Amino acid sequence: MSLPSINPVTTKAWKKLQAHFELTKNVKMQDQFAKDAERANQMKIEWNDFYLDYSKNRVSEETIGLLLDLTEEVQLKAAIQKQFSGEHINETENRAVLHTSLRDFGNMKSEVKHSLQQMKLFSEKIISGNWKGYTGKPITSIVNIGIGGSDLGPDMVTEALTFYKNHLNTYYISNVDGDHVQETLKSLNPETTLFIIVSKTFTTQETITNANTIRDWFLTNASAGDIAKHFVAVSTNLDAVENFGIASNNVFPMWEWVGGRFSLWSAVGLSTCCAIGYSHFETLLKGANEMDKHFVESEFKENIPVIMALLSIWYTNFYSSETEAVIPYSQYMAKLVPYLQQAVMESNGKSVDRNGDGIAYQTGTIVWGNTGTNSQHAFFQLLHQGTKLIPTDFIAFSESLYGEEDHQNKLLANFFAQTEGLLLGTEGVSVENNFRKFEGNRPSNSILIQKLTPKNLGSLIALYEHKLFVQGIIWNIFSYDQWGVELGKKIAENTLDAIERQQYNGIVNPSTLNLLKRSCNR
Ligand code: F6P
């Protein structure tokens, strides 16, 4: 059975939400706090090491109640069950969506167990130095060659867990920009470097181009027989991997029921597994699995991903907010936003509903942001005094990893102060002129997590995976395909052909033609 296909706008709850919005849109959160001393205690969810405070949002208990009614009408509960039971909810590609089963140790498919075992043995050999390069030296550097989901997740997680890393240096090459490839190769020694080519399809232009260039570089020093000691692959396309010259026992699996942007939990995370060791990698998976259970089992009003998704729907579809900011107060988390941009925007950037009809309401939030406190000194001006309403997720860890108390106090003080400033503004405070005035009433979620550990990071990533799923269900779209990336790829093929042959008769657009001619002056 496929997912229900219900136009959210036609539901009773949506109509009630619309009427409720008209009545309450000018209510200020400052007044809600003043009237209700219990607000902060009521609008919070405590779960494991997580504390979500959503009281600084333009909602009342009634708003939340109506949003929860909406989940009933769009049959969210049934949709979650369909996802977790492996129904082909990715209908346009006729695939199941089972990244959650990659971390379900209590009920794990044998092929997943086998792959984890393969990752464990491989990473142990690399870390211990038992795996030798072609001149007999141990591996000291790992290079992940992949793009999109085959890059962003592992890169983000490896950087986020730097504290837990071993001696191995890690590099991520994704862009087809040859200058970046050359800059990276400059610091690498072919004798001690392992390249992991990650591509579900093994046809992605950027990845294959980079892999070929790097193999050529490797072969200027080593011979073809040495490739087996320095190149491994993660892919579903075994023939293409073999044609590249990679030995079959150096191939790690991917499955069609795991989407690229949800694949960091699989062998796509091999670079992470090598960098932090298998035990930490498994803990990351277990943390994600705990969030999966929370998502599946908790009542929706106590359910962190559901509540965050509903708040986002409220701002997107009723307040007409176009974007959401995510601000982690941890430099380790610098790559969280680019990772989320793919997860959220590739999933929910859709304008056709599950019936195949065009959509007349907003979908797909634009996610942006950067680490706090850096972004306070960059774009926070716009959050505080700009004309746009930008709901913002603040994320921080109560404990620092090195115990730098003075720094940690300041980091947290800034987080809390910013959410308070956005809420309160300068109301009740006399200011010299309008330029110094802050209206406040600007919404934020505060996600306070005890400590940056592999387990908590796994839970945090899974939280956002489930949030985007809930939004896709409510918006009546298919979140797990990505047809929107195909057109550009196809046009690029023709354009590349024109550039290579310097023959432009197939290029019809005059603007593109001018650009092509101009770029030939090199
Ligand atoms: O950009 C589109 C996309 O298909 C992503 O969804 C995917 O993560 C990325 O390309 C890389 O694909 P592959 O792993 O097949 O190289």
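If you read the sequence from its start, that first residue is 1, and numbering goes on from there. All figures in this text were calculated on a predicted structure; none of them were measured in a lab. Whatever order the structure lists ligands and atoms in, that order sets their numbers, starting from 1.
If you number the atoms of ligand 1 from 1 as listed, the ones under 4.0 Å from a heavy atom of Q342 come out as 5 (C), 6 (O), 8 (O). Close contacts between ligand 1 and T204 involve ligand atoms 12 (O), 13 (P), 15 (O), 16 (O) [criterion: under 4.0 Å to a heavy atom]. Atoms of ligand 1 found under 4.0 Å from any heavy atom of S199 (numbered from 1 in listed order, with element): 13 (P), 14 (O), 15 (O), 16 (O). For ligand 1, the atoms sitting less than 4.0 Å from at least one non-hydrogen atom of T201 are 13 (P), 15 (O), 16 (O), numbered in the order shown with element in parentheses. Against a heavy-atom cut-off of under 4.0 Å, V485 is close to the following atoms of ligand 1: 2 (C). Near I147, meaning under 4.0 Å from any of its heavy atoms, are these atoms of ligand 1: 9 (C), 11 (C). Counting the atoms of ligand 1 from 1 in the order shown, those under 4.0 Å from a heavy atom of E346 are 1 (O), 2 (C), 5 (C), 6 (O).
For the pair K490 and E486, the salt-bridge criterion is not met [side-chain N within less than 4.0 Å of a carboxylate O]. Electrostatic pairing of K350 and D481 counts as a salt bridge here, judged by a charged N lying under 4.0 Å from a carboxylate O. Comment: E282 engages K286 in a salt bridge, judged by a side-chain N to carboxylate O separation of less than 4.0 angstrom.
Side chain to side chain, H180 and N210 fail the donor-acceptor criterion of an N or O pair below 3.5 Å. For W255 and E111, the side-chain atoms include at least one donor-acceptor pair closer than 3.5 Å. At a cut-off of 3.5 Å, with distance as the only test, a side-chain donor of Q471 or S312 sits close to an acceptor on the other residue. With no hydrogens or angles considered, a side-chain donor-acceptor pair links W475 and N317 at under 3.5 Å.
Closest to atom 7 (C) of ligand 1, if we only count protein heavy atoms, is G149 N, 3.9 Å.
Between F218 and H230, the distance separating the two ring centers is shorter than 6.0 angstrom.
Between atom 4 (O) of ligand 1 and the options R261, E486, K489, M254, the minimum heavy-atom separation is to K489.
Of the polar atoms of Q482, none of the N or O atoms is found under 3.5 Å from an N or O of ligand 1, judged by distance alone.
No heavy atom of E206 sits closer than 4.0 Å to any atom of ligand 1.
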